[in-house]
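Encoded as structure tokens, the structure appears first; notes follow it.
Hydrogens, waters and symmetry mates are skipped; everything else that's a heavy atom, side chains included, is used. One-based numbering along the sequence shown. This structure is a prediction, so every number in the text was calculated from the model and none was measured.
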Amino acid sequence: MEFKRLMRTIRYATIFNSVKRGKYVKKKKIFGSVGDDVRLPFMILPYRCENIYLHNNIEIASGVKLIPHDAIHGVFNKMPDQDYEYKEYIAKIEIFDNVFIGANATILGGVSIGPNAIIGAGAVVNKDVPPNSIVGGVPAKVIGSFDDLMDKRKLYTEQ
């Protein structure tokens, strides 16, 4: 881990409030961009986090991994008789407004999560998530509607 990332991760780890962690990464411009009301769990700051764009009102639960890169180029470049140098794959992750990402989900590079979306716990998101949807599974696929869940929860809280 490079020194600057290590120091930022140590400082980040001393912040014991998810809202304050969101404000810290916004102030320090650690991610590509960070909107308002972003709540972040304790985590090791992702490698290549400048390729992560977080909009407004986002809640990320514990254990979530945001991975805007892969490392397969290391394997390709060490193959026998290789005369081409493969570059690291780096792709943007963009998370739009009003998104909840459940515990231990993994979001891979090149993915856009539309507004009003919910990512289920443990999901592996390897393609774009449509707006107003709930996705879950490995790989993640649409399993419900944001609005339907919101209506169900409203009824639950009114009782």
Reported CD-to-CG distance for the pair E59 and N98, which is rounded to 0.5 angstrom: 12.0 Å
hydrophobic_cluster_shared for Y47 and I30, side chain cutoff 4.5 Å: no
Check the side chains of D147 and N132 for a donor-acceptor pair under 3.5 angstrom, ignoring hydrogens and angles. yes
A117 and P130: which non-hydrogen atoms are nearest, and at how many Å? CB-O, 4.3 Å
Scanning both residues in full, the closest heavy-atom pair of R48 with P68 reads O-CG, 3.4 Å
Candidate pair R11 and T14, rule side chain to side chain donor-acceptor pair (under 3.5 Å), full reasoning: CA-CA 5 Å; R11 170 64 183 110; T14 66; 2.8 Å; yes
Using the ring centroid of each side chain, check whether H73 and Y89 are separated by less than 6.0 Å. no
The reported gap from CG in N126 to CD1 in I67 (rounded to nearest 0.5 angstrom) is 11.5 Å
Quick check: is V25 connected to I107 through a chain of hydrophobic side chains (ILVMFWY, heavy atoms under 4.5 Å apart)? yes
Flag yes if F16 and F42 sit in one hydrophobic cluster, no otherwise; membership is Ile, Leu, Val, Met, Phe, Trp, Tyr, and two members link when side-chain heavy atoms are under 4.5 Å apart. no
Q82 to M79 - nearest heavy-atom pair and separation: CB-O, 3.2 Å
Heavy-atom closest pair (I119 atom, A105 atom, distance to 0.1 Å) is CG2-CB, 4.0 Å
Answer with yes or no whether the hydrophobic clustering places L149 together with F146; edges join I, L, V, M, F, W, Y residues whose side-chain heavy atoms lie under 4.5 Å apart. yes
Is there a side-chain contact between K65 and M43, using heavy atoms and a 4.5 Å cut-off? no
Could you check whether the rings of Y24 and Y12 sit parallel, tilted or perpendicular, using 30° and 60° as the cut-offs? tilted
Rounded at 0.5 Å granularity, tell me how far NZ in K152 sits from OG in S145. 9.5 Å
Side chain to side chain contact (heavy atoms under 4.5 Å, CB included) between V19 and V38, intermediate numbers included: CA-CA 6 Å; V19 174; V38 172; over 6 Å; no
Side chain to side chain contact (heavy atoms under 4.5 Å, CB included) between I101 and I118, intermediate numbers included: CA-CA 6 Å; I101 302 176; I118 298 171; over 6 Å; no
Take N57 and R39, measure what side chain to side chain donor-acceptor pair (under 3.5 Å) needs, and give me the verdict at the end. CA-CA 8 Å; N57 191 28; R39 295 166 300 282; 3.0 Å; yes
So, for A61 and G102, which heavy atoms are closest and what is the spacing to 0.1 Å? CB-C, 3.7 Å
ILVMFWY network linking I134 to I113, side-chain heavy atoms under 4.5 angstrom: no
What distance separates N51 CG from L66 CG, expressed to the nearest 0.5 Å? 12.0 Å
How long is the span from the CD1 atom in I93 to the SG atom in C49, to the nearest 0.5 Å? 10.5 Å
Step-by-step side chain to side chain contact (heavy atoms under 4.5 Å, CB included) determination, N56 to D37: CA-CA 6 Å; N56 302 304; D37 300 315; 5.9 Å; no
Between E50 and K29, does a salt bridge (charged side-chain N to carboxylate O under 4.0 Å, His left out) hold up when you go through it step by step? CA-CA 8 Å; E50 66 275 7; K29 297 181 174 61; over 6 Å; no
State, to 0.1 Å, how close L40 and L54 come at their nearest heavy-atom pair, and which atoms those are. CD2-CD1, 4.1 Å
What's the separation between atom CZ in F31 and atom NZ in K28, rounded to the nearest 0.5 Å? 15.0 Å
Measuring only between side-chain heavy atoms, which start at C-beta, is L108 closer than 4.5 Å to V124? yes
